[in-house]
Amino acid sequence: MLTRMPKPAASMPSAAAAILAAIRAVPRGQVAGYGTIARRAGLPGRARLVARVLSGNTDRELPWHRILRSDGRIAFPPDSPAFAEQCLRLRADGVEVRNGRVRLPREDSLDAAVWSPR
DNA sequence: CTGATGACGGCGC
DNA sequence: TGCGCCGCCATCA
């Protein structure tokens, strides 16, 4: 049966793959926190790992701009070019960005519930 | 092995 | 809301 998933091993390369998959699964117009992505990837408590993976990512197709800090703030210094680009890409998605911050969906929303079976 | 670093998170004030 | 402190994880000097 496929009922059992392998135990989460953060050090294995597939961890990064799971993270990338979780990020790719965030639909346009929506956003998620680093910690949320980590959980969706089966790596609870590895928010910083998500950040690490993203920092090494080169795929322009990856919706990296939809990943924000838990408080809805963009994780870049407000004066950095990355910050500016993330702002643009978010708005291109139709997301409202106020002062480098967006309205992050509550974790207990339906969408989150579907994603995080626990 | 110890200490520093980073696209983090939660809590307290 | 803003800020600081501390905890956590993985990597690197």
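Letters A, B, ... are given to chains in the order of the sequence lines, protein chains preceding strands, and every chain is numbered from 1.
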Does the [X] side chain pair with the main chain of [Y], one donor and one acceptor, at a distance under 3.5 Å?
X     : Y      : answer
A:R91 : A:V97  : yes
A:N99 : A:R101 : no
A:D71 : A:R73  : yes

Compare the minimum distances between each of C:dT1, B:dG9, C:dA10 and the side chain of A:R101, then state the nucleotide with the smallest one.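 It is C:dT1.
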Mind calculating the distance between [atom1] ([X]) and [atom2] ([N]) to the nearest angstrom?
X     : N      : atom1 : atom2 : value
A:R46 : C:dC8  : CZ    : C1'   : 9 Å
A:D59 : B:dA7  : CG    : P     : 19 Å
A:I19 : B:dA7  : CD1   : P     : 15 Å
A:R69 : B:dG9  : CZ    : P     : 6 Å
A:F76 : B:dG6  : CZ    : C1'   : 11 Å
A:Y34 : B:dG10 : OH    : P     : 14 Å
A:L43 : C:dC8  : CG    : C1'   : 14 Å
A:L49 : B:dT5  : CG    : P     : 21 Å

Is there a Watson-Crick or G-U wobble partner for B:dC8 with both distances under 3.5 Å, and if so, which one is it?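 In the structure as shown, B:dC8 has C:dG7 as its Watson-Crick or wobble partner.
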So, is A:S55 close to the B:dA7 phosphate, meaning a side-chain N or O under 4.0 Å from OP1 or OP2?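 For B:dA7, neither OP1 nor OP2 has a side-chain N or O of A:S55 closer than 4.0 Å.
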Search all heavy atoms of A:G100 against all heavy atoms of A:F83 and return the closest pair with its distance.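 Smallest heavy-atom distance, with atoms named: CA-CZ, 3.4 Å.
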Mapping A:R52 and A:R48 onto DNA chain C by nearest heavy atom, which one lands closer to the 5' end?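 It is A:R48 whose nearest nucleotide is closer to the 5' end.
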